[in-house]
Amino acid sequence: MATFVKPLTASATRTTPTKIRSNSELAWRRFKKNRLAMLGLITIILLLLMVIIGPFLYTASPIKTDPLQAYQKPFSKFFFGTDDVGRDVLARVLFGGRISLSVGIAAMAISITLGTIIGAFAGFFGGALDFALMRITDLFQALPIVPLLLLVTYLFRDTVRKTFGADLGIFMIIVGVIGALTWMTNARLVRSSFLALKEREFVEASRALGVNRLPIMFKHILPNSIGPIIVAATLNIGAAILTESTVSFLGLGFPSDVPTWGKLAADGKDWIDIAPHVILIPAFFIFLTALAVNFAGDGLRDALDPRRQG
Amino acid sequence: MWTYFLRRTLIAIPTLIAISFVIFALLSLAPGDPMAQFATNPEVPPEVRENMRRSLGLDQPWPVRYWKWLVLLPQGDWGWSFAARKPVLDFIGERMPQTLAVVGVSYFLSVLIAIPIGVYTAARPRTWLSYLVSVLSMAGISLPTFLSGTVFLLIFSVMLRDTPFGLPMIYDTQLKVKDWGSFVLQIRQSAMPIMVLALFTAGSMTRFVRSSMLENLPMDYVRTARAKGLGERVVIMKHALRNSLIPVVTLVAIGIPTIFAGAIITEQIFRVNGIGELLITSINRSDTPVVMGIVFIFAIMVVFSSLIADIVYGLLDPRIKFS
C-alpha cells in the first residue's frame, strides 16, 4: 500500500505534548476498552471477595446437617436452599469456592512454573537438551489427561491423605496432578519466545557484560516473554477449575466432607427432579468463574498483542 | 513427504509403548491391592487367595507382568478382567459402540453447527449477531458438561415429561435396535448426551473457524479474488473458506480425545453404559486390567489423532515443507 509521508502540520506539534505511555499502560488502555474482558475481571474480583470475606459475614455452618430442613427451596428461609440432608447450600458454596478457586490458582502456578522452566532451558540452551526436553513434552502431550487424572487421584489418594492429612493431602494431589499434566503448552510458548529473544542485542549486551546464564534467562529474557505467559496462566486457572470439578463430580476428587463446587454438584446429581438447585447453583458458579476467566484471558491476549492497535 | 509420514507413524509406536509403561507402572506401584476385596473377606482362606494371585499372575514382579502384557497386546490379548471374569478386550468391545455412536454423532453435529456460524460471523464481524455468537461460543467453552446435562434433564425429562418433547431420564442399557420403534427409542434416549457433547465441542470449534476465517479475509488473495470481480459469496465460500478450513481440519482431528473425555461425564449423568462409565466403575472396583486397557485406548486416540492431524495438514496445505 502506498502511503504519503504527511508533513507535520503546525497544529499537530503545538498542541500539548501527548504523554508517553509505557507498554503496560497501553495494554491496560486496550484491555479497558474491551467490555467483556472488563466484565470478566470485575466478576473475578467479586467472586474472590465473595469466597474470602463471605464465610465471615455469613456464618451458617457448611457441614451441619438438619434432616428437618432438607430440600428447602432457594430464596426461602435459606438464600440458596438446603440439600438432601439439610445443609445450607449458600454456606457450602462460599466455603467450596475457597477450595475450588485455590485449586485453580495453585494448579496454574505449578503448571506455569514447570512450563516456564522447561521451556526456558529448552529454548535458551538448544541442542541436545532442547531435543530431550521437547521429546518429554511430546510424551506428556500424548498422555490422556482426564483418565490419567482420575486414575492417579484414585490410586494415591489414601497414601497422600495419610501423610499430609485429609484436606491438604487431597488438595496437593489434585493440584499436583493437574499442574503436572498441563504445563506443555506453556513450555512450547516459552521455548519459542526464548528461541527468538536469545539472539537479540540486549542478550548479547548482558553476556558481554559478564552476566551469568541463569540471570540472563530469568532476569533479562523472561520479562520480555511475560505477555503470553500471563495469558496462558489466566486461561489455565479456568481450565484447572473445570478439571477439578470434573474429577470431583465423578466422585474421585475431594472426599465428601470437603465441599468444593464440583463435589457440591456431585452431591446434587441424584436429586435433580426434586431439588435441582443443589446441583445447579454450584455448577453455575463453576461456569461463571470459567467464563469470567476466559473472557479476561481473551481480552488480555488482545491487549498484550502490540500488533492489535485498539 | 511420504518418508516424513512414515517416520511420524513410526515415532507413534515407541510413544505408545512409553505411555503404556508409565500407566502400568502407576497401576502397579500404587498402594491398594486388587485382591483387597478377597483379603477382607474372612471366607476366603489365605491359601486360596495365594492361588488366585498366582493364577492371575500377580505373584510376579511388575516389570515381568508389563513385559507379558506388552507381548500379548498385539495378539489381541489385553488381559483378563478381575471383576467380570472375561477378556478385557471383549469387555471394552461391549461398551465401545454406545460411546462411539454418541460421540460420533455429536462430533459430526458440532462441525455442522460450527462451520456455517463461524463463517457467517467472520464475514460480518461487527454485527450484533456476531457479538452474540462470540459470547455464546465462549459460554459453550466454559460450560461444565454436568451443568448443561442437568439443565437438559430438567427441561426435557422433568418439565416437558408429559409432552411429545419429553425425553427418557435414564438410558435403557438393555434396549436393542431391531425395528423402527426401537430405533426411535434409541435416538430419543441418546438425544440428550448427544446435545450436551455437541454443545461442548461446538463452542471451541466455532471460535476456531471464526478466527481462522478472520485471519484469511484480509489476505491478498482474497483481495485479488474480489478485484477480479467475483461475487462476495464465491470469494468467501470458495476462496477464503477453503484455506481457513485447513487448520480447522487438524483441530477436528486433535479434538477427538477431548470429546471422548467429555463422554466420561455425560455417561455418568445419563447413565449410558459406555466406555467412560466402564472406566469409572473399574477404577472404583480396582479392576486394574480393564483400567489399563481403557486408559491405553485413550492414549492410542491421543497419539493417532495428532498423527492424523499432521498427515491431513501435510496433504491439504501445499505450503508445508517436509524436511
Side-chain angles (χ1 to χ4, degrees), chain A residues 35-36 40 135-136 138-160 162 235 238-239 241-243 245-247 249-252 261-262 265-266 268-269 272-274 276 278-280 282-295 298, chain B residues 11-12 14-16 18-19 22-23 26-27 29-32 131 134-135 138-139 141-151 153-154 157-158 161 169 207 257-258 260-262 264-265 268-269 276 279-280 282-284 286 288 291-292 294-304 306-307:
Chain A
R35 262 177 284 168
L36 285 172
R135 292 297 77 74
I136 295 173
D138 283 345
L139 185 66
F140 266 84
Q141 205 116 50
L143 291 175
I145 294 178
V146 176
L148 211 59
L149 184 61
L150 294 173
L151 187 62
V152 175
T153 322
Y154 177 77
L155 289 176
F156 294 96
R157 185 155 70 167
D158 293 333
T159 326
V160 179
K162 260 179 230 142
L235 298 174
I241 290 175
L242 281 177
T243 311
S245 68
T246 304
V247 177
F249 186 80
L250 293 172
L252 293 168
W261 285 340
K269 77 175 166 202
I272 290 175
D273 40 354
I274 29 178
V278 183
I279 183 169
L280 286 179
F284 174 76
F285 274 98
I286 298 168
F287 169 58
L288 190 67
T289 313
L291 190 64
V293 166
N294 283 341
F295 273 130
D298 224 37
Chain B
I11 288 176
T15 310
L16 278 175
I19 294 172
V22 172
I23 307 167
L26 274 175
L27 278 166
L29 296 175
Y131 286 119
S134 57
V135 171
M138 189 61 108
I141 294 172
S142 317
L143 196 62
T145 35
F146 51 86
L147 177 56
S148 44
T150 313
V151 172
L153 270 179
L154 273 177
S157 299
V158 179
R161 188 177 346 203
M169 190 158 191
R207 276 174 64 84
T258 319
F260 270 92
I264 300 178
I265 292 263
Q268 286 291 308
I269 302 173
L279 175 68
I280 304 297
S282 303
I283 288 180
N284 277 324
S286 299
T288 333
V291 175
M292 180 71 210
I294 296 175
V295 180
F296 190 59
I297 284 186
F298 270 95
I300 294 176
M301 280 196 279
V302 178
V303 170
F304 274 87
S306 77
L307 179 68

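Bear in mind that the values here come from a model prediction, so they are computed numbers and not experimental data. Residue numbers start from 1 in every chain, and the chains themselves are labelled A, B, ... in the order their sequence lines are given, proteins ahead of strands. Values reported hereafter were calculated over all heavy atoms of this structure, with side chains retained and with hydrogens, waters and symmetry mates removed.
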Checklist entry - Do Ile286(A) and Leu147(B) have side chains that get closer than 4.5 Å, going by heavy atoms? => result no

Checklist entry - Which heavy-atom pair separates Phe146(B) from Ile279(A) by the least distance, and what is that distance? => result O-CD1, 4.5 Å

Checklist entry - Taking all non-hydrogen atoms of both residues, which atom of Leu154(B) and which atom of Pro276(A) are closest, and how far apart? => result CD1-CB, 3.5 Å

Checklist entry - At their closest point, which heavy atom of Val302(B) faces which heavy atom of Gln141(A), and how far apart are they? => result CG1-O, 3.6 Å

Checklist outcome for this item: If one checks every heavy atom of Val293(A) against chain B at 4.5 Å, the contacting part turns out to be neither

Checklist entry - Quick one: are Phe298(B) and Leu148(A) in side-chain contact, heavy atoms under 4.5 Å? => result no

Checklist entry - Most heavy-atom pairs under 4.5 angstrom with chain A, which of Val303(B), Thr150(B), Ile264(B)? => result Thr150(B)

Checklist entry - Which one of Ser245(A), Ala265(A), Ala292(A) has the most heavy-atom pairs closer than 4.5 Å to chain B? => result Ser245(A)

Checklist outcome for this item: Counting heavy-atom pairs under 4.5 angstrom with chain A, the leader among Ala261(B), Ala18(B), Ala139(B) is Ala139(B)

Checklist entry - Got a second to check how far Ile283(B)'s CD1 is from Leu250(A)'s CG, nearest 0.5 Å? => result 9.0 Å

Checklist outcome for this item: OG (Ser142(B)) and CG (Leu242(A)) are apart, to the nearest 0.5 Å, by 7.0 Å

Checklist entry - Contact part of Ile141(B) toward chain A, heavy-atom cut-off under 4.5 Å: side chain, backbone, both or neither? => result both

Checklist entry - Can you say whether Leu143(B) sits under 4.5 Å from chain A via the side chain, the backbone, both, or neither, judging by heavy atoms? => result both

Next on the checklist: Could you report the tightest heavy-atom contact between Phe295(A) and Val135(B), atom names first, then the distance?
Outcome noted: CZ-CA, 4.0 Å

Checklist entry - What are the two closest non-hydrogen atoms of Val295(B) and Pro144(A), and how far apart are they? => result O-CG, 3.8 Å

Checklist outcome for this item: If one checks every heavy atom of Val291(B) against chain A at 4.5 Å, the contacting part turns out to be side chain

Checklist outcome for this item: Interface check, chain B: of Leu143(A), Asn294(A), Val146(A), most non-hydrogen pairs under 4.5 Å belong to Asn294(A)

Checklist entry - Thr15(B) versus Arg135(A): any side-chain heavy-atom pair under 4.5 Å? => result no

Item to check | Segment of Leu26(B) engaging chain A (4.5 angstrom heavy-atom cut-off) | outcome: both

Checklist entry - Is chain B contacted by the side chain of Asp138(A), its backbone, both, or neither, given a heavy-atom distance below 4.5 Å? => result neither

Item to check | Under 4.5 Å from a heavy atom of chain B, the part of Leu150(A) involved | outcome: both

Next on the checklist: Side chains of Ile269(B) and Phe249(A), heavy atoms from C-beta outward: is any pair under 4.5 Å?
Outcome noted: yes

Checklist entry - Checking heavy atoms, do the side chain of Pro144(B), its backbone, both or neither come under 4.5 Å from chain A? => result both

Item to check | Minimum heavy-atom distance between Arg207(B) and Asp298(A), given as atom pair plus value | outcome: NH2-OD1, 3.1 Å

Checklist entry - Contact part of Leu279(B) toward chain A, heavy-atom cut-off under 4.5 Å: side chain, backbone, both or neither? => result side chain

Item to check | Contacting region of Leu151(A) [heavy-atom separation from chain B under 4.5 Å] | outcome: both

